[in-house]
Amino acid sequence: ETGVTQTPRHLVMGMTNKKSLKCEQHLGHNAMYWYKQSAKKPLELMFVYNFKEQTENNSVPSRFSPECPNSSHLFLHLHTLQPEDSALYLCASSQERREGEQFFGPGTRLTVL
Amino acid sequence: LAKTTQPISMDSYEGQEVNITCSHNNIATNDYITWYQQFPSQGPRFIIQGYKTKVTNEVASLFIPADRKSSTLSLPRVSLSDTAVYYCLVGDRPTTSGTYKYIFGTGTRLKVLA
């Protein structure tokens, strides 16, 4: 247990569906991150939130919409995804302005049919 | 952003010491070097971090030469459960927010054999 939880752990959705991924951290951190990990590819940073404000968007398509209502919760809203969006989506948190350690959740394995 | 280069894969036997070297020629003055471990279908887990010389914790040691253009993660007496992907990271801090941002490479896939 890293103190970062993600739900659901597995998700199968059609291309026309709308779903959301949830991440919660119990560590008192104020920075949260979404990463995407596709098969045989490096982790790709998608979004960064710092004190609820989005500070990074790595050219992510608009069909991925993040939301950070407070420093403990992070959502990734999904709509009209493509099969190539199938991947492991990982959430992480860290203490802002502290070098180093990001704590990762277990991830959500997403399959888009 | 400093890019890292590390071997794609390594094999070792149980009980051996494993050294994984990472190259980061363009490391910036303020950058730290961080290593993560990832098991299949799990999120990466922090192993160790350092800035220069040597850092040791209960899990590993990190050796960084004076020029900081490379680093070596040393895992003493590996076991089968150390089979994982190991990532070497050099961070970069966006100027607008100060949030620390990592770029993950492909990592080194370590396989420990019995």
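In what follows, every chain begins at residue 1, and chains take the letters A, B, ... in the order their sequences are listed.
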Tell me whether [Y] is reachable from [X] by hopping between hydrophobic residues (I, L, V, M, F, W, Y) whose side-chain heavy atoms are closer than 4.5 Å.
X        : Y        : answer
A/Val4   : A/Phe104 : no
A/Phe75  : A/Val112 : no
A/Phe103 : A/Val48  : no
B/Ile20  : B/Val59  : yes
B/Met10  : B/Leu113 : no

With chain A, which of B/Thr106, B/Leu89, B/Val85 has the greatest number of heavy-atom pairs at distances under 4.5 Å?
B/Thr106

Measuring heavy-atom distances to chain B, does A/Leu90 have an atom under 4.5 Å in its side chain, in its backbone, in both, or in neither?
side chain

Can you tell me which portion of A/Glu44 sits under 4.5 Å from chain B's heavy atoms? Options are side chain, backbone, both or neither.
neither

To the nearest 0.5 Å, tell me how far B/Ile47 CD1 sits from A/Glu101 CD.
11.0 Å

Should we say atom CD1 of B/Ile8 is surrounded by more than 12 heavy atoms from elsewhere, each under 6.0 Å from it?
no

On a heavy-atom basis, the closest approach of B/Ser41 and A/Arg109 is OG-NH2, 3.5 Å

Atom of A/Pro42, atom of B/Gly105 and distance for their closest heavy-atom approach
CB-O, 3.2 Å

B/Tyr51, part contacting chain A, at a heavy-atom distance under 4.5 Å:
neither

Checking side chain to side chain contact (heavy atoms under 4.5 Å, CB included) for the pair A/Leu43/B/Gln38: CA distance, chi angles, key distance, verdict?
CA-CA 11 Å; A/Leu43 272 79; B/Gln38 186 179 25; 3.8 Å; yes

Sole residue of B/Tyr87, B/Phe104, B/Tyr36 in ring-ring contact (aromatic ring centres under 6.0 Å, His included) with A/Tyr35:
B/Phe104

